[in-house]
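Report on the following structure.
Atom set for the values below is all heavy atoms of this structure, side chains included, hydrogens, waters and symmetry mates excluded. Note that the coordinates shown come from a computational prediction; the quantities given were computed from them, not determined experimentally. First listed ligand is number 1; within each ligand, the first listed atom is number 1.
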Amino acid sequence: MSHHYQSILDSIRNEVLPLQNDGAVANYIPELATISPNRFGMHLRSIEGHDHAVGNSNENFSIQSISKVFALALVVSLVGEKIFKRVGVEPSGSSFNSLVQLEYERGIPRNPLINAGAMVVCDMLIGQLKKPKNEMLDFVRMLAHNKKIMFNERVAASEKEFGFRNAALANFLKSFGNIQHDVDEVLDLYFHICSIEMSCKDLATAFLLFANHGKHPGNDEALLTKSQTKRLNAVMQTCGFYDEAGEFSFTVGLPGKSGVGGGIVALHPHKYAVATWSPRLNPKGNSVMGMKALELLTTKLGSSIF
Ligand code: GLU
């Protein structure tokens, strides 16, 4: 099986290469636009712990919205499903930073994987943790088996400087009483977790948690219950790809999450976790080469979760 995965990854790389000039790097966070765009990496880690990789799979990049899954997993491990009283589990059908929906749904974000939902998660983490930024980073490092994972302070500062829309969302949530702590403190945590830098290898390793009933390889104790893990996978499946979650389910058929840094991570329960990175995005905000690579993966393997 191992050999099988590697030859599939090698052929995927050749097949996605012609797409390397398609799409555009996110530039609404100026610091993200400084990345060299023609990059492609992919790393698959099987549930047995075997690694398979191609391209720039060891290079660090800004995980951006992928961090929302880590924040959600940490809050669920701390408070259980109480979080879902303050944030829903429905796909939003609108962009990740939309204000309109929040107004007519009276401050309850549609799901925890859009910006407003992640801010509510950050607010809960601030209430639960003594040093939320450090503890969040420690959680991610533990899952990825990599102590060197860091925030990128330049990216966090750039997001803060140009984060007018995110500041509006946080203030809006506060006006509805769905943020309990200081708005600036919530935004600071939110911008920092978005700025975390990881490689495809780190992400595939960390996401084995969700492929393995909430038990992370290397930890004796389960971090999440089986039921919580199934539910987080369901949220990723329906809400993990901005306004393209349907398309991702349709063409790839795995739960996962994308970020505007060009990363995508997905998993096949009981089989593997896989991460791709390529900074050029399609108009919906998902990596062009990453989407194609994952579609090819489940096609060539002949299996998705469906
Ligand atoms: N930090 C980004 C923002 O808040 C995250 C966006 C994303 O990756 O979806 O705009």
Side-chain angles (χ1 to χ4, degrees), residues 23-35 60-72 87 91-99 101-102 109-123 125 133 136-137 140 151-173 179 183-198 200 203 207 235-236 238-245 247-248 256-266 275-288 290-291:
V25 172
N27 59 6
Y28 76 103
I29 301 168
E31 194 58 36
L32 286 185
T34 62
I35 193 85
N60 281 347
F61 59 90
S62 195
I63 67 167
Q64 291 295 316
S65 263
I66 296 170
S67 64
K68 294 176 167 95
V69 179
F70 294 129
L72 179 62
V87 54
S92 65
S94 54
S95 80
F96 62 99
N97 55 11
S98 166
L99 282 152
Q101 211 158 37
L102 207 51
R110 270 285 169 108
N111 68 66
L113 303 184
I114 52 174
N115 292 12
M119 287 173 197
V120 172
V121 170
C122 285
D123 186 53
L125 285 175
K133 280 198 271 186
M136 200 46 233
L137 201 52
V140 172
F151 299 122
N152 181 326
E153 293 292 344
R154 283 195 322 279
V155 171
S158 183
E159 289 217 43
K160 184 172 180 190
E161 191 180 348
F162 296 90
F164 306 110
R165 184 170 274 270
N166 282 325
L169 283 170
N171 281 291
F172 220 31
L173 288 164
I179 281 202
V183 164
D184 288 335
E185 201 183 340
V186 172
L187 283 171
D188 186 56
L189 178 59
Y190 173 79
F191 291 142
H192 273 85
I193 65 171
C194 287
S195 83
I196 292 175
E197 293 192 332
M198 294 170 79
C200 292
L203 282 170
F207 267 61
V235 172
M236 284 192 253
T238 51
C239 312
F241 292 84
Y242 310 118
D243 202 10
E244 225 174 17
E247 179 73 15
F248 195 79
K257 182 73 195 92
S258 58
V260 295
I264 301 182
V265 54
T276 60
W277 172 53
S278 180
R280 290 186 196 269
L281 310 178
N282 69 19
K284 294 269 172 85
N286 293 313
S287 165
V288 174
M291 292 282 280

- request: Using the side chain to side chain donor-acceptor pair (under 3.5 Å) rule, collect all pairs that involve residues 109-123, keeping only residues at least two apart or in two chains.
  value: Lys68-Asn115, Arg86-Asp123, Glu105-Arg110, Asn115-Asn166, Asn115-Tyr190, Asp123-His181
query: Quick one: does Ser258's side chain get under 4.5 Å of Phe248's, heavy atoms only?
result: no
message: Does any part of the side chain of Val155, heavy atoms only, come nearer than 4.5 Å to the side chain of Gln64, both counted from C-beta?
response: yes
message: The criterion is salt bridge (Lys or Arg N to Asp or Glu O under 4.0 Å); which residues satisfy it with Arg154, sequence neighbours excluded?
response: Glu31
query: More than 12 foreign heavy atoms under 6.0 Å from NZ of Lys133: is that the case here?
result: yes
Every pair of nitrogen or oxygen atoms between ligand 1 and the protein that is under 3.5 angstrom apart - can you list them with their distances to 0.1 Å?
unit_1   : atom_1 : unit_2 : atom_2 : d
ligand 1 : 1 (N)  : Gln64  : OE1    : 2.6
ligand 1 : 1 (N)  : Glu159 : OE1    : 2.6
ligand 1 : 1 (N)  : Glu159 : OE2    : 2.9
ligand 1 : 4 (O)  : Asn115 : ND2    : 3.1
ligand 1 : 4 (O)  : Asn166 : ND2    : 2.9
ligand 1 : 4 (O)  : Tyr190 : OH     : 2.6
ligand 1 : 8 (O)  : Ser65  : N      : 3.0
ligand 1 : 8 (O)  : Ser65  : OG     : 3.1
ligand 1 : 8 (O)  : Tyr242 : OH     : 3.1
ligand 1 : 8 (O)  : Val260 : N      : 2.9
ligand 1 : 9 (O)  : Ser65  : OG     : 2.6
ligand 1 : 9 (O)  : Tyr242 : OH     : 2.5
ligand 1 : 10 (O) : Tyr28  : OH     : 2.7

field: Listed partners of Phe191 passing ring pair (Phe, Tyr, Trp, His ring centres under 6.0 Å), at least two apart
entry: none
